[in-house]
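All values below were derived from every heavy atom in this structure, side-chain atoms included, with hydrogens, water molecules and symmetry-related copies excluded. Proteins come first, then strands; the chains are lettered A, B, ... in the order of their sequence lines, and each starts at number 1. The structure displayed is predicted, hence computed values, not measured ones.
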Amino acid sequence: MSRDPRTVLPTPSQTVGPFYGYALPFPGGPDIAPAGHPDTLTVHGHVYDGDGAPIPDAIVEIWQPGPDGDRSGAPGSLRRDPVTGGYAGRDGVTFTGFGRIATDADGHWAVRTLPPGGAPYLSVCVFARGLLHHLYTRIYLPGPATDADPLLAGLAPERRATLLATEDRPGVHRFDIRLQGAEETVFLDFR
Amino acid sequence: MTPTQQDISREIDGERQDYLAAGQVRHHPARDYAPYRSSALRHPLRPPVTVHDPEAVELSGPVFGVTDVTETDADLTLAHTGEPLGERITVTGRVLDRAGRPVRGQLVELWQANAAGRYAHLRDQHPAPLDPNFTGFGRCLTDDRGAYSFTTIKPGAYPWRNHDNAWRPAHIHFSLFGTAFTQRLVTQMYFPGDPLFAYDPILQSVTDDAARERLVATYDHDLSTPERSLGYRWDIVLDGPAATWIEEGR
Ligand SMILES: [Fe+3]
């Protein structure tokens, strides 16, 4: 065992609050797949609170490997226009592996991406007003690697189901995030 | 019935006593911190599932580069043709990991209210003026020392509806990335000596006194510039699992 190198104390988390909307979201945030890519996969869903009410002020962030399994990512998610100071948008070619989506007034979000390689899931980080510390979860996509996944295998069936995207139609998957309640999503803690 | 400040202050004190009695250091706020009413329906009731997998995708993370920022993104006073109202400030510091190593070339984002305490956001409708010369968001990449620096104005305190006569102390929201997705941090920086600290359930959700202190910037006179601006220093340490460190040399 290596010694725990964590010798410096961390800065505490605080809620993202309700007013990040003019700062964090960016055009192209949901478009991880290069424009027009034939393998584009859409994943969408709602974020719900403990009453089952949709949360209109949540942010869903996605991080994932490329289809080739490369986990090194690439810059350019937020590409800025040095002339106008606005967003130039993604370059339409580079796969950065990162997406950020604010839920709409109906608590709905959608990401367009490519299937991850080397792991059967998209990593998710959820922020919201009322949430003092973000939450991690995973969106597992249907397939043999998901069926063999050790994390999923260790969960009771009804808990496991909260991590499985369900196919609406070819290329479109649904994944709802429930912050609290009977069908509460499984959230993850990394050690 | 809307709780009073006295009700909330009593709850804040109760939470702090419970924390002290438990005798275990907790650096981050509990997600179920009742004095912050919005947390009631928005925190999981079940404990998180622990992941020990060294192959976890979350031990890597997104990267950003020169195309993701423009030079003026770090100066919030340049976003419009005129000068914003308020006290011009510099906020600078270093982003470190829990081993004290600099986090280099990563994205720092910041957003805030204007000098009157109003956000450039349609849902903020409290009767303080908008400033046509201030929007209030910026970003930069950390340098080789892990340092960031922003020029902005000091935000005002503002009211909110958590309870009767609820006011947030002046604060700047920050968003940070490390080299692993598990190091992700969204937090708020506060200004030293603010009389509203004790009344605010969001700041007080950090029940550990020393941890809460780490959310407060230091006034640094050497960072102030004559006739121009006041300087604040605030270092940020990203948390993360010990597993993050096994992959040396990344
Ligand atoms: Fe705020």
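In this structure the side chain of B/Val49 reaches within 4.5 angstrom of the side chain of A/Leu155, judged on heavy atoms. Side chains of B/Leu215 and A/Thr11 form a contact here, defined as non-hydrogen atoms less than 4.5 Å apart. By the 4.5 Å heavy-atom criterion applied to side chains, A/Phe190 and B/Gln183 are not counted as neighbours. Here the side chains of A/Ser13 and B/Thr187 are not in contact, with every heavy-atom distance at 4.5 Å or above. Counting only heavy atoms from C-beta outward, the side chains of A/Arg159 and B/Arg46 approach each other to under 4.5 Å. The side-chain heavy atoms of B/Phe177 and A/Glu61, taken from C-beta on, include a pair separated by under 4.5 Å. Contact annotation: the side chain of B/Arg139 approaches that of A/Leu78 to within less than 4.5 Å [non-hydrogen atoms, C-beta and beyond]. Residues B/Pro62 and A/Thr96 are not in side-chain contact: their nearest non-hydrogen atoms beyond the backbone lie 4.5 Å or more apart.
Contacts between B/Phe64 and chain A at a heavy-atom distance below 4.5 Å involve backbone atoms as well as side-chain atoms. If you measure heavy-atom distances from B/His43 to chain A, the contacts under 4.5 Å come from both the backbone and the side chain. Only the backbone of A/Val124 comes within less than 4.5 Å of a heavy atom in chain B; its side chain stays farther off. Contact annotation for A/Tyr48: neither backbone nor side-chain heavy atoms come within less than 4.5 Å of a heavy atom of chain B. Residue B/Ala79: no heavy atom, backbone or side chain, is found under 4.5 Å from chain A. Looking at B/Arg37, there are no atoms closer than 4.5 Å to chain A (heavy atoms on both sides), in backbone or side chain. When heavy atoms are compared at a cutoff of 4.5 Å, B/Trp160 does not approach chain A at all. For A/Ser72, the part lying under 4.5 angstrom from a heavy atom of chain B is the backbone only. In this structure, no portion of B/Glu71 lies under 4.5 Å from any heavy atom of chain A. Only the backbone of B/Ala30 comes within less than 4.5 Å of a heavy atom in chain A; its side chain stays farther off. When heavy atoms are compared at a cutoff of 4.5 Å, B/Leu176 does not approach chain A at all. In this structure, the portion of A/Arg100 lying under 4.5 Å from any heavy atom of chain B is its side chain and not its backbone. Residue B/Val57 touches chain A through both its backbone and its side chain, counting heavy-atom pairs closer than 4.5 Å. Only the side chain of B/Glu109 comes within contact range of chain A, judged by heavy atoms closer than 4.5 Å. When heavy atoms are compared at a cutoff of 4.5 Å, A/Asp81 approaches chain B solely by way of its backbone atoms N, CA, C and O.
Of the possible polar contacts, one joining the A/Gln180 side chain to the B/Ala40 backbone as a donor-acceptor pair under 3.5 Å is found. Judged by distance alone, with hydrogens and angles left aside, the side-chain atoms of A/Glu184 form a donor-acceptor pair with the main-chain N or O of B/Leu45 at under 3.5 Å. Put simply, the side chain of B/Tyr36 gets close to the backbone of A/Gly130: a donor and an acceptor are under 3.5 Å apart.
Ranked by heavy-atom pairs under 4.5 Å with chain A, the first of B/Ala120, B/Gly61, B/Ala210, B/Gly105 is B/Gly61. For the options A/Leu151, A/Ile55, A/Val186, A/Val47, heavy-atom pairs under 4.5 Å to chain B are most numerous at A/Ile55. The candidate from B/Ala113, B/Pro48, B/Pro44 with the greatest count of non-hydrogen atom pairs under 4.5 Å with chain A is B/Pro44. Options A/Gly97, A/Ala88, A/Ser77, A/Gly76 differ in how many heavy-atom pairs under 4.5 Å they form with chain B, and the most are formed by A/Gly76. Among A/Gly50, A/Pro75, A/Pro10, A/Gly73, the residue with the largest count of heavy-atom pairs under 4.5 Å with chain B is A/Pro10. Residue with the most contacts toward chain A among B/Trp111, B/Trp234, B/Phe174: B/Trp111 (heavy-atom pairs, distance under 4.5 Å). Contact tally against chain A (heavy-atom pairs below 4.5 Å) for B/Asp235, B/Asp124, B/Val206: the top residue is B/Asp124. Comparing A/Gly181, A/Pro12, A/Pro65, A/Ala58 by how many heavy-atom pairs each has under 4.5 Å with chain B, the most go to A/Pro12.
Applying the side chain to side chain donor-acceptor pair (under 3.5 Å) test between A/Arg80 and each of B/Thr72, B/Asp73, B/Thr67 identifies B/Asp73 as the sole match.
Between B/Thr182 atom OG1 and A/Leu188 atom CG the span is 11.5 Å, to the nearest 0.5 Å. Between the OG atom in B/Ser38 and the CG atom in A/Asp49 there is a gap of 10.5 Å [rounded to 0.5 Å]. Interatomic distance, SG of A/Cys125 versus CZ of B/Arg184, reported as 6.0 Å (0.5 Å rounding).
Between B/Phe181 and A/Trp63, the two ring planes are tilted [angle within 30° to 60°].
One finds no salt bridge joining A/Arg6 and B/Asp97 here, because no Lys/Arg side-chain nitrogen approaches an Asp/Glu carboxylate oxygen to under 4.0 Å. Using a 4.0 Å cut-off between charged side-chain N and carboxylate O, A/Asp51 and B/Arg42 make no salt bridge.
Taking each heavy atom of B/Glu55 and A/Tyr121 in turn, the nearest pair found is O-OH, 4.3 Å. Heavy atoms only, all atoms of each residue included: B/Gly136 and A/Tyr22 are closest at O-OH, 3.5 Å. Of all non-hydrogen atoms in B/His173 and A/Thr15, the two that sit nearest each other are ND1-O, 4.1 Å. Between B/Thr70 and A/Pro82, the shortest heavy-atom contact is CG2-CA, 3.9 Å. Here the shortest heavy-atom pairing between B/Ser175 and A/Leu24 reads CB-CD2, 4.1 Å. Shown here for A/Leu135 and B/Arg31, the closest heavy-atom pair between the two residues is CD2-NE, 3.3 Å.
Between the side chains of B/Tyr190 and A/Gln14, at least one donor-acceptor pair of N or O atoms lies under 3.5 Å.
Atom CD of A/Glu167 has more than 12 neighbouring heavy atoms from other residues, nucleotides or ligands inside a 6.0 Å radius.
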